[in-house]
Structures are given as C-alpha cells and as structure tokens.
Amino acid sequence: MCHVIVTCRSMLWTLLSIVVAFAELIAFMSADWLIGKAKPSSSEDVDNRTGGSPEPYHPTLGIYGRCTRISHMQLSRRDTLCGPYAENFNEIASGFWQATAIFLAVGIMILCAVAFVSVFTMCVQSIMKKSIFNVCGLLQGIAG
C-alpha cells in the first residue's frame with residue numbers, strides 16, 4: 001500500500017513538473033506582458049457582413065515579442081501581427097526586461113531539467129543515498 005502511494009505521488013509530481021516547465025516556457029514566449037489601451041475602431045474596421053464593428057484592438061508587448069495591428073493592401077480589414085521586436089539581446093526594451101529574460105531563461109532550463117529527471121524517478125528514487133525528490137524540489141524552488 002505504501003509503495004502505491006509513493007508511486008502515485010511521484011507520478012503526480014512528474015506530471016506537474018512537466019506542466020509547470022511548459023507553462024513557464026509559454027509565459028516567456030508570450031507577447032501579453034503589457035497590454036495597451038484599446039485602440040478605437042476606424043470606419044474601415046466595420047464588418048460589412050454583420051454591420052457591426054470588431055472588438056477593440058489592444059497592442060501588446062512581451063519580453064522580446066509584440067503584437068501590432070497591420071493593414072493588408074488587398075483587404076479592407078485589419079489584422080494582427082505578432083513576432084519578435086528584438087533582433088538581439090541588446091534590443092530588448094530595458095535593462096529590467098533583459099534581467100527578466102536572463103532569470104526566466106535560467107529558471108526554464110532548470111525546470112526542464114527537473115522535468116526530464118523526474119521521469120526517471122519512477123525507477124530510481126535515490127542516488128548516493130540522496131533522495132532525488134529532495135534535490136529536484138530544491139532545484140524547483142531555486143528556479144521559482
């Protein structure tokens with residue numbers, strides 16, 4: 001019975017470790033860190049099929065990515081373009097955002113390493129009389 005509980009806990013911990021690593025990576029890649037004021041709709045933005053106007057547009061900015069609205073030459077409606085605004089590390093918005101990028105990148109690498117190691121804890125639970133769970137938990141705390 002005790003072995004089943006330990007196995008279930010380690011499986012749950014492994015699953016949550018993987019989920020958190022992916023969530024952190026998605027947050028890093030997201031352009032929704034800062035969301036600007038809603039831009040008013042112009043008369044060109046009115047949808048002729050429904051007669052209504054689209055939802056207001058909010059420009060967004062992430063650590064190195066942004067979303068902006070662009071107009072297409074052949075289409076009368078406007079669309080959103082998301083992508084990196086920084087070609088290299090020095091073009092990131094500010095020193096604080098550069099530090100954030102560094103700390104998040106290091107944290108994501110640690111979380112991904114822990115998620116990878118946590119898969120092997122199903123078979124091996126200690127190395128050199130040290131619990132892998134304790135070491136990985138400490139690393140997750142440092143990454144957080």
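Because only heavy atoms are used, hydrogens play no part in the values below, and waters and symmetry mates are left out as well, while side chains stay in.
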Q | Cluster link Leu25 to Leu16, ILVMFWY, side chain under 4.5 Å | A | no
Q.
Can you confirm whether more than 12 heavy atoms, excluding those of Phe96, are under 6.0 Å from its CZ atom?
A. no
Q.
In this structure, would Ile110 and Phe103 fall into the same cluster of hydrophobic residues linked by side-chain contacts under 4.5 Å?
A. no
**Q.** Closest non-hydrogen atom pair between Cys67 and Ala31, with its separation
**A.** SG-CB, 4.0 Å
(Q) Is there a path of hydrophobic side-chain contacts, each under 4.5 Å between heavy atoms of I/L/V/M/F/W/Y residues, joining Met29 to Ile108? (A) yes
Q) Same cluster for Leu15 and Phe116 if Ile/Leu/Val/Met/Phe/Trp/Tyr side chains link at under 4.5 Å? A) no
Q) Rounded to the nearest 0.5 Å, how far does CG of Asp32 lie from CD1 of Ile26? A) 12.5 Å
Q | Phe89 versus Ala101, closest heavy-atom pair with distance | A | CE1-CB, 4.4 Å
Q. Once you round to the nearest 0.5 Å, how far does CG of Leu12 lie from OG of Ser17?
A. 9.0 Å
Q | Shortest non-hydrogen contact between Ile35 and Thr60, atoms and distance | A | CG1-CG2, 3.9 Å
**Q.** Side-chain donor/acceptor of Glu24 to backbone N/O of Leu104, under 3.5 Å
**A.** no
Q: Provide the closest heavy-atom pair for Gln140 versus Leu111 in the form atom of the first, atom of the second, distance.
A: CG-CD2, 4.1 Å
Q) Applying the 4.5 Å side-chain criterion to the ILVMFWY set and letting contacts propagate, would Phe28 and Leu34 be lumped into a single cluster? A) yes
**Q.** Polar side-chain atom of Ser118 near backbone of Ala115 as donor-acceptor pair, under 3.5 Å
**A.** yes
Q) Closest approach of Arg66 and Leu61, non-hydrogen atoms and distance? A) CB-CD1, 4.0 Å
**Q.** Side-chain (Tyr85) to main-chain (Ile92) donor-acceptor, under 3.5 angstrom
**A.** no
(Q) Rounded at 0.5 Å granularity, tell me how far CD1 in Ile18 sits from CH2 in Trp13. (A) 9.5 Å
